[in-house]
Every structure is written in structure tokens, then in C-alpha cells.
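All chains are named by letter (A, B, ...) in the order of the sequence lines, taking the proteins before the strands, and each is independently numbered beginning at 1. Worth saying up front: this structure is predicted, and the values here are computed from it rather than measured.
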Amino acid sequence: MAEAQSANGHGGGGGFELDPLHQFEIHAIVPIQVGDLNLSYTNSSLWMTIAVILITALMTLPTRGRALIPGRIQSIAEVLYETTANMLRESAGREGRAYFPFIFSLFSFLLVGNLQGLIPGSFTFTSHIVVTFSLAIVVFLGTTAIGFIKHGPHFLKFFMPEGAPIWSAPLLVFIELISYLSRPVSLALRLFANMLVGHALLKTIAGFVFVLGIAGIVPLAATVAITALEFLVAVLQAYVFAILSCIYLNDALHMH
Amino acid sequence: MPQFNPEWFASQIFWLVVTFVVLYLLMSRIALPRVSQIIEDRQNKVEDDLAKAEKLRTEAQEVYQAYEKALQEARADAQKVLRETGDEIAAEQAKRNEAFTKELDQKTREAEDRIQAAKTEALDSLQSVAGEVAQSATAKLIGANIGKDRAEKAVKQAMGGES
């Protein structure tokens, strides 16, 4: 459907002129202007809202009866809960428990956001670096603040590995600092790039299906295979983002 | 690339914050405590049931042991009663046997005494009969009445000589 739209939108006249990036375009649904800021409710905002509604529905509707023996949907909610809880416990220990609601919200938001992107015609809000970077910077600033609150100035020792000779301090601190500061960038870029490339590739290859006529069966098969792969990537990248957040949290709570 | 169009940065960040905060509040206030409660309740229920099962098992074991013990005691009791009864019967038998032997002995002795008395009596009457016979025989043969006392004396002498 999205292919057809983009083909219609851009392929005026002769031949198909496919734009695999068209799917990432944002357009306002409810224009809102606050001073100089454009805070319009967009298609991106719409899919974020849908994600929140889906997650809330999944977590609250089947659990209303508080059944001891879960139904199918309640099982899914519980599996999601247990998976996230285990992820946090294994990487950040018991002290990480306090941040479970945040990690759970983060993981479920990214997971549903990524998976929504596989619905034809939908919008993938996680394919925008502004979104992924905002989440990454929250994790980065949050864990840094937790580190300083928990360890005070001792948290600075984090940048100087124990037992290293003192003369190597300038170099080591520099390297550690760079590696620490690159965390949010790598976190944001990894998710953004995976979503962008996957979806763009899918769109590009799908475009050939129309162009090649009967031979289009080859890119069609490839599209099916890549779609399957994209499901894996969607889950995996949400998981990677969440588990790295847990590991950073562990660093802040327990240092090295 | 649409991703680097700054026109929509503010809107995306704003709505991300709004939706994420709403999600966080819904999860932390409602959804997660509820799921956690359900899982905890289930765990408690399972643990309770396991503990109950363990308790029942121990109880059953105890009952079985008590039963086994009671059975053993009953068996021992029966054995004892059997032995005692056997002993009693044996004692009674011996007692009765003894009493009977004694009675038998006495009766034998009494009988012997009676026989002896009868024998003596018979002998006595035999003497007197023999005396009378001798007296009347003498009277018939020689026509002389020798008197009862003499006849008896003569018979006694004759018998005494023999015996």
C-alpha cells in the first residue's frame, strides 16, 4: 500500500520513480503552533499514541480479573513483564528494581514502535534519530545522575580503571571519557540506523516487483524474506536498547 | 532525508515526552503493580500448595507409622495372650491330673481296704460255718454233741495248721 502511494505520488508520467524515504516523511495531522515552536500532532505522534494505547491495553485489559491461571493474552503480558524483569535483574542486580517501570516502558515502547513499523502504510517513529537520541540522552543523563547521587565524587573513578599506573591517567581518562560520552550516540544511532536501513531496503526491493514484471517474483520473495528478518531486527533492537540501558544503569549503581 | 528536517524536531520531542510520560505513569501506577501482584499471588499459592502437600505427606507418614506400631503391639499382645492361655491350660491340666490321681489312689486304697475287710469277714464266717458243719457232722457221725466252741476251735486249729 505504501509502495503504491509512493509510486503514485512520485511516479508521474512514464515509469516508476520510487522514493524509499517517502515513508519517513512527517506531516501534521493537527497543526499546533506554540510561539516559534511547531508542536503539531503528526503521524509520528499518532503512532506513538497508538503504541501507548496498545501497551496499556495489553498490560491492563487481560489482567483485570487478576486470574491466577493466565489466559493467552495475560500470558503475553506476563512474559513481557518477566523478560524485562529478568533482563534488569541479571544486568543490574536487585538495586535496579527501582528503575523497572522506566526500563519496562522503554522496552515496550521501542518494541511496539519497531513492530508497528512493519504494518504497511504505518509510520516508524523509531526510525527518526531525534526520537532515538532523545530516549538515549534520557538514559545517559539519568544513569550519570544516578551514579553521582549514589557514589558522589567517587563516581569519577569510573573513568580511571583501578590498578593502572598513574602516569597513564591522562590517556586512560581521555579514552574512558570518550567511550562514556559515545554511549548515547551509539545507542541512538544503532536503533535509528537499523530501522531506517531495514525499511528503506524493504521499500527499494519492493519497488522492483512492479518494474520487473513477471521476473518481479524474485524481489517479491526477497521482500518476504527481508520482512521476516525485519521482525527479528525489530525485536532485537528494542532488546539491545533496553539491555544496554540496564548495563549502563548497573555501571552507575555498582561502578566497574 | 526527512530524518534531518529540523522543522519537525520540536514536535517529535514534545510528543515523545508526552506519550512516554503517559506510558510511564500508566505502567508504574497501574499495569506493573497489577502484573507483579498476580505473579506474586501465584507464587504464594504454589508455595502454599507445596507446603500443604508436604504437610499432608508427613501426616500420612506419621499415621502409617502409628498404624504399623499398633499392628506390632497387637501382634505382641496376641502372642502374649496365647502364651498365657497355654500356660494356664497346662497348669489347670496338671492340677486336675494330680487331683484325679490322688482321688484314684484313695479309691484304690478304700477298695483294697474293703476287699481286705470282706476277706476277713468271709474267712470269719467260713470258720463259723465250718465249725457248725463240723459240729453237726460230728453229731451225725458219732452222735456226740461236742459243743459249738470246741468245734470252732478244732476247725481253727485245722485251718491254722494249713495256713
Side-chain angles (χ1 to χ4, degrees), chain A residues 21-28 31-32 34 36-42 44-53 55-56 58-60 63-70 74 77-78 80-82 84-85 100-102 104-106 108-109 112 125 127-131 133-135 138 192 196, chain B residues 1-70:
Chain A
L21 296 181
H22 174 76
Q23 58 175 323
F24 300 118
E25 259 160 32
I26 292 177
H27 52 84
I32 301 169
V34 179
D36 286 341
L37 282 176
N38 172 13
L39 299 183
S40 303
Y41 191 80
T42 62
S44 168
S45 322
L46 174 69
W47 285 97
M48 286 179 191
T49 313
I50 292 173
V52 171
I53 292 169
I55 296 163
T56 309
L58 171 69
M59 297 307 289
T60 56
T63 54
R64 261 182 316 184
R66 290 170 171 78
L68 280 183
I69 299 157
Q74 190 182 327
E78 285 180 16
L80 191 61
Y81 179 98
E82 302 259 24
T84 320
F100 177 62
F102 176 79
F104 183 86
S105 306
L106 186 68
S108 57
F109 192 61
V112 173
F125 59 79
S127 65
H128 276 249
I129 189 143
V130 190
V131 174
F133 193 74
S134 300
L135 288 171
V138 168
F192 153 71
L196 171 75
Chain B
M1 242 162 95
Q3 273 83 351
F4 299 112
N5 178 4
E7 186 193 345
W8 301 107
F9 282 2
S11 154
Q12 275 179 292
I13 293 171
F14 174 74
W15 287 105
L16 173 68
V17 170
V18 169
T19 51
F20 194 77
V21 166
V22 168
L23 179 68
Y24 179 83
L25 291 177
L26 284 171
M27 290 300 112
S28 64
R29 295 286 150 84
I30 301 168
L32 297 179
R34 192 187 288 177
V35 176
S36 149
Q37 188 65 46
I38 291 170
I39 290 170
E40 203 171 301
D41 283 355
R42 182 179 309 139
Q43 197 138 10
N44 287 344
K45 172 103 173 68
V46 168
E47 270 164 22
D48 268 14
D49 286 358
L50 279 180
K52 223 179 276 173
E54 181 63 39
K55 213 181 116 210
L56 285 176
R57 209 174 67 92
T58 317
E59 265 172 30
Q61 198 89 28
E62 273 167 17
V63 167
Y64 177 72
Q65 269 166 1
Y67 163 77
E68 197 86 321
K69 213 178 130 205

Checklist outcome for this item: Here the pair of heavy atoms bringing V131(A) nearest to L16(B) is O-CD2, 3.7 Å
Checklist entry - Which of the residues L106(A), V130(A), V34(A) is involved in the greatest number of heavy-atom pairs with chain B at under 4.5 angstrom? => result V130(A)
Checklist entry - Of the backbone (N, CA, C, O) and the side chain (C-beta and beyond), which part of Y81(A) lies under 4.5 Å from a heavy atom of chain B, both, or neither? => result side chain
Checklist entry - Would a line drawn from the ring center of F24(A) to the ring center of F4(B) be shorter than 6.0 Å? => result no
Item to check | Working for side chain to side chain contact (heavy atoms under 4.5 Å, CB included), residues L23(B) and S108(A) | outcome: CA-CA 10 Å; L23(B) 179 68; S108(A) 57; 4.2 Å; yes
Checklist entry - Relative to chain B, which segment of S44(A) carries a heavy atom at a distance below 4.5 Å: side chain, backbone, both, or neither? => result side chain
Checklist entry - Side chain, backbone, both or neither: which part of L32(B) has a non-hydrogen atom closer than 4.5 Å to chain A? => result both
Checklist entry - Considering only heavy atoms, which portion of A28(A) lies under 4.5 Å from any heavy atom of chain B: side chain, backbone, both, or neither? => result both
Checklist entry - How long is the span from the NE2 atom in H128(A) to the CG atom in N5(B), to the nearest 0.5 Å? => result 9.5 Å
Checklist outcome for this item: Scored by heavy-atom pairs under 4.5 Å with chain B, the best of F125(A), F102(A), F192(A), Y41(A) is Y41(A)
Checklist entry - What's the spacing between S28(B) OG and F100(A) CZ if we round to 0.5 Å? => result 11.0 Å
Checklist entry - Are any of the side-chain heavy atoms of L21(A) and P2(B) separated by less than 4.5 Å? => result yes
Next on the checklist: If I take atom CG from residue L68(A) and atom CD1 from residue I39(B), how far apart are they, to the nearest 0.5 angstrom?
Outcome noted: 11.5 Å
Item to check | Heavy-atom contact with chain A under 4.5 Å, split by part of Q37(B) | outcome: neither
Checklist entry - Roughly how far, to the nearest 0.5 Å, is CD of Q12(B) from CE of M48(A)? => result 6.0 Å
Checklist outcome for this item: Rounded to the nearest 0.5 Å, the OG1 atom of T60(A) sits from the CD1 atom of I30(B) at a distance of 7.0 Å
Item to check | Engaged part of F133(A) at the chain B interface, taking heavy atoms whose separation is under 4.5 Å | outcome: neither
Item to check | Minimum side-chain heavy-atom gap R34(B)-R64(A) below 4.5 Å | outcome: yes
Next on the checklist: Around atom CD1 of I69(A), are there more than 12 heavy atoms from other residues, nucleotides or ligands closer than 6.0 Å?
Outcome noted: no
Item to check | W15(B) (side chain) donor-acceptor with S40(A) (main chain) under 3.5 angstrom | outcome: yes
Next on the checklist: Working to the nearest 0.5 angstrom, can you tell me the gap between T19(B) OG1 and I50(A) CD1?
Outcome noted: 11.5 Å
Next on the checklist: Please classify the contact between I53(A) and chain B as side chain, backbone, both or neither, with a heavy-atom cut-off of under 4.5 Å.
Outcome noted: neither
Item to check | Which of Y24(B), F14(B), F9(B) touches chain A most, by non-hydrogen pairs under 4.5 Å | outcome: Y24(B)
Item to check | Among the listed options I32(A), T49(A), L135(A), the residue most often paired with chain B at heavy-atom distances under 4.5 Å | outcome: L135(A)
Item to check | Contacting moiety of I38(B), where chain A heavy atoms sit under 4.5 Å | outcome: both
Item to check | L37(A) versus chain B, the contacting section by heavy-atom distance below 4.5 Å | outcome: side chain
Checklist entry - Between S127(A) and chain B, which part of the residue has a heavy atom less than 4.5 Å away: side chain, backbone, both or neither? => result both
Checklist entry - Hey, is the main chain of V35(B) close enough, under 3.5 Å, to the side chain of T63(A) for a donor-acceptor pair? => result no
